[in-house]
Amino acid sequence: MPTTISITPPRDYLLHRDVCSYGYFLLAPNRWTPATRTFTRILLLPTGPATIHITQGNTPRPKRGGNLTIHASRTINKPELPDLHDALTRMLRLDETHTHTRAFHKLDPRFKHVGYARLFRSPTMFEDVIKTVTSCNVTWPNTINMNTLLCHHYGPGGSFPTPAIIARLRPANLRGRCRVGYRDARIVHLAKMFNTGQINPTWFQDPANPDDDVRQALLDLPGIGPYAASNIMQLLGRYAYLPLDSESVRHGRTVLGFKGHPAAIMKRIARHFAPMGNQQFRSYWFEIWNHYESKRGPAWTWDRETTGKTFTAAQLK
DNA sequence: GGTAGACCTGGACGC
DNA sequence: GCGTCCAGGTCTACC
């Protein structure tokens with residue numbers, strides 16, 4: 001028996017804008033349907049996988065803060081509701097209230113009008129970490145492929161695989177089936193660390209722990225370098241670091257007009273966003289995102305198989 | 001502490 | 001067709 005739930009989001013929440021705000025909304029098991037502005041994914045809950053459809057309002061133009069309708073393909077038992085609620089809150093950033101977004105817009109008013117502030121993420125830190133590892137040193141379509149294969153081969157019912165499932169795999173099998181290449185052993189190692197509690201998401205997500213300590217702990221993990229650590233920081237809700245990479249260099253050259261070698265451009269970018277302090281990731285990211293959208297149209301109109309494969313700067317040349 | 005080189009994969013590009 | 005290059009980096013061995 002399907003279950004339908006209604007959730008009241010923060011008063012400035014806009015589903016199509018706040019979901020289609022970071023590339024991970026295009027990665028399996030996530031799916032966005034532009035025609036109906038519906039977010040769909042298979043979530044693994046305590047009694048098994050459930051397909052969740054999320055919409056906002058009944059009109060073609062949803063209103064900010066309008067209630068979210070969560071439609072589940074099966075009965076969601078009462079004991080499962082807290083797990084569902086936690087997953088939705090993390091993924092959709094429902095914990096970032098209007099007060100949080102206003103703090104960002106105060107520092108960077110460029111994005112106040114359109115309301116950019118929340119960045120889509122995964123329901124678990126584990127999924128965010130693995131998605132980040134699969135985005136390093138590859139083209140975006142390859143990242144899409146790796147995540148599709150991970151869910152297809154190892155995700156219960158098509159959900160994202162759990163740490164316990166990946167931890168049991170031989171790296172060679174993971175590589176062969178999911179085309180993850182040299183990332184195989186690192187992914188299995190990370191899964192083991194999550195599975196045994198060596199990586200404790202609660203510690204990483206506790207705002208009482210200083211940013212510098214959290215970032216250093218991330219840098220100590222296998223497969224996590226400066227770019228990945230800074231990116232995972234923003235996925236943890238910590239926006240004080242920039243994930244500088246080849247994409248940043250292109251942005252510096254094409255949009256900001258910086259010239260010189262990649263290392264020099266990265267330093268200039270760091271100086272450019274430094275005044276944004278603990279909000280600099282968002283300032284940096286939405287500047288890039290805005291550029292993508294100026295070339296490819298609003299992100300909520302992108303489809304994974306077409307526009308969604310061609311939005312990165314490397315393909316905007 | 002700074003820096004080459006290797007590392008999977010798959011698509012783009014030049015020949 | 002085939003070889004080369006490189007993409008939203010990381011790691012290791014050197015110096």
Side-chain angles (χ1 to χ4, degrees), chain A residues 20-27 119-122 128-150 152-153 169-190 193 215-235 239 241-256 258 261-267 269-270 273 280-282 284-293 295-296 299 302 304-317:
Chain A
C20 306
S21 57
Y22 194 67
Y24 291 5
F25 86 94
L26 293 161
L27 299 180
L119 289 131
F120 179 82
R121 59 180 171 177
S122 306
D128 275 339
V129 168
I130 300 304
K131 278 184 159 57
T132 299
V133 170
T134 63
S135 76
C136 290
N137 201 28
V138 285
T139 54
W140 181 248
N142 202 350
T143 301
I144 292 178
N145 193 38
M146 287 185 220
N147 280 275
T148 301
L149 291 171
L150 277 167
H152 175 73
H153 288 295
L169 298 176
R170 286 187 186 163
N173 290 344
L174 182 65
R175 175 186 298 213
R177 283 188 158 184
C178 301
R179 317 302 294 161
V180 296
Y182 66 86
R183 300 163 195 80
D184 57 356
R186 296 172 191 175
I187 291 173
V188 171
H189 192 168
L190 286 165
M193 293 178 83
R215 186 161 188 277
Q216 189 53 55
L218 289 169
L219 286 169
D220 291 340
L221 300 178
I224 307 299
Y227 162 79
S230 297
N231 191 54
I232 295 167
M233 288 293 280
Q234 71 88 2
L235 294 162
Y239 304 109
Y241 297 87
L242 298 180
L244 296 175
D245 55 11
S246 55
E247 193 80 350
S248 319
V249 174
R250 275 189 296 276
H251 182 73
R253 284 195 176 122
T254 58
V255 178
L256 301 174
F258 296 162
H261 294 294
I265 291 177
M266 284 194 189
K267 280 184 183 169
I269 291 174
F273 288 100
Q280 56 185 296
F281 178 88
R282 294 206 260 209
Y284 159 84
W285 180 254
F286 286 116
E287 193 174 286
I288 287 186
W289 202 243
N290 204 37
H291 178 63
Y292 295 159
E293 291 194 318
K295 300 287 184 184
R296 290 287 187 269
W302 301 351
R304 185 197 293 167
E305 302 306 324
T306 55
T307 320
K309 283 190 174 175
T310 65
F311 74 87
T312 59
Q315 308 193 42
L316 291 177
K317 284 183 278 194

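Residue numbers start from 1 in every chain, and the chains themselves are labelled A, B, ... in the order their sequence lines are given, proteins ahead of strands.
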*To the nearest 0.5 Å, what is the distance between CD1 (A:Ile265) and CG (A:Leu256)?*
9.5 Å
*Which parts of residues 217-228 of chain A get close to DNA chain B, meaning a heavy atom less than 4.0 angstrom away?*
none
*Considering only heavy atoms from C-beta outward, does the side chain of A:Pro243 approach that of A:Trp285 to under 4.5 Å?*
no
*Under 3.5 Å, is there a donor-acceptor pair linking the side chains of A:Thr132 and A:Tyr227?*
no
*Between the base of C:dG8 and the side chain of A:Tyr22, is there any donor-acceptor pair under 3.5 Å?*
yes
*Using the test side-chain hydrogen bond (donor to acceptor under 3.5 Å, both in side chains), find all partners of A:Thr254 that sit at least two apart in sequence or belong to another chain.*
none
*CD1 of A:Ile130 versus P of C:dT10: gap in Å, rounded?*
14 Å
*Atom CZ of A:Arg253 and atom P of C:dG8: how far apart are they, to the nearest Å?*
14 Å
*Does the ring of A:Tyr239 carry A:Arg282 above it, NZ/CZ under 6.0 angstrom from centre and within 45° of its axis?*
yes
_Dot-bracket for DNA chain C, please. Rules: Watson-Crick or G-U, both distances under 3.5 Å, ( ) within the strand, [ ] when a pair crosses earlier ones, | for another strand, . otherwise._
|||||||.|||||||
*Using the C1' atom on both, measure C:dA7 against B:dC7 and round to a whole Å.*
14 Å
*Between A:Trp302 and A:Trp140, is the gap from one ring center to the other below 6.0 Å?*
no
_Under a plain distance cut-off of 3.5 Å, with no hydrogens placed, do A:Asn231 and A:Tyr22 share a side-chain donor-acceptor pair?_
yes
*Could you list all the salt bridge (Lys or Arg N to Asp or Glu O under 4.0 Å) pairs where at least one residue sits in residues 131-144 of chain A, not counting sequence neighbours?*
A:Glu127-A:Lys131
*In whole Å, what is the span from the CD1 atom of A:Ile288 to the C1' atom of C:dG8?*
9 Å
*Tell me: NE2 of A:His189 to P of C:dC11, nearest whole Å?*
11 Å
*Are the ring centres of A:Tyr24 and A:Phe120 closer than 6.0 Å?*
no
*Using whole Å, report how far CH2 of A:Trp140 lies from C1' of C:dC6.*
18 Å
Between the protein and nucleotides 12-15 of chain C, list every N/O to N/O distance that falls short of 3.5 Å.
none

_Tell me the interatomic distance from A:Leu235, atom CG, to C:dG8, atom P, rounded to whole angstroms._
18 Å
_What I want to check is whether the side chains of A:Thr139 and A:Asn142 have a donor and an acceptor closer together than 3.5 Å._
no
*asked:* Between C:dT4 and B:dA6, how far apart are the two P atoms, rounded to whole Å?
replied: 14 Å
*Quick one: SG on A:Cys136 to CZ on A:Arg183, what's the gap to the nearest 0.5 Å?*
7.5 Å
*asked:* Rounded to whole Å, how long is the line connecting atom CD1 of A:Ile144 with atom P of C:dG8?
replied: 12 Å
_Letter per nucleotide, 5' to 3', of nucleotides 7-13 of chain B [B base touched, S only sugar-phosphate touched, - untouched; heavy atoms, 4.0 Å]_ = BBBS---
_Chi angles and distances behind the ring-ring contact (aromatic ring centres under 6.0 Å, His included) call for A:Trp289, A:Tyr292_ = CA-CA 5 Å; A:Trp289 202 243; A:Tyr292 295 159; 5.8 Å; yes
_Qualifying residue for side chain to side chain donor-acceptor pair (under 3.5 Å) with A:Thr134, from A:Asn145, A:Thr143, A:Asn147_ = A:Asn147
*asked:* Give me the distance, rounded to whole Å, that separates B:dT3 from C:dG8 when you measure between the C1' atoms they each carry.
replied: 22 Å
_From A:Phe273 atom CZ to A:Leu242 atom CG, the distance as rounded to the nearest 0.5 Å_ = 7.0 Å
*asked:* What is the separation between atom NE2 on A:His261 and atom P on B:dA4, rounded to the nearest whole Å?
replied: 12 Å
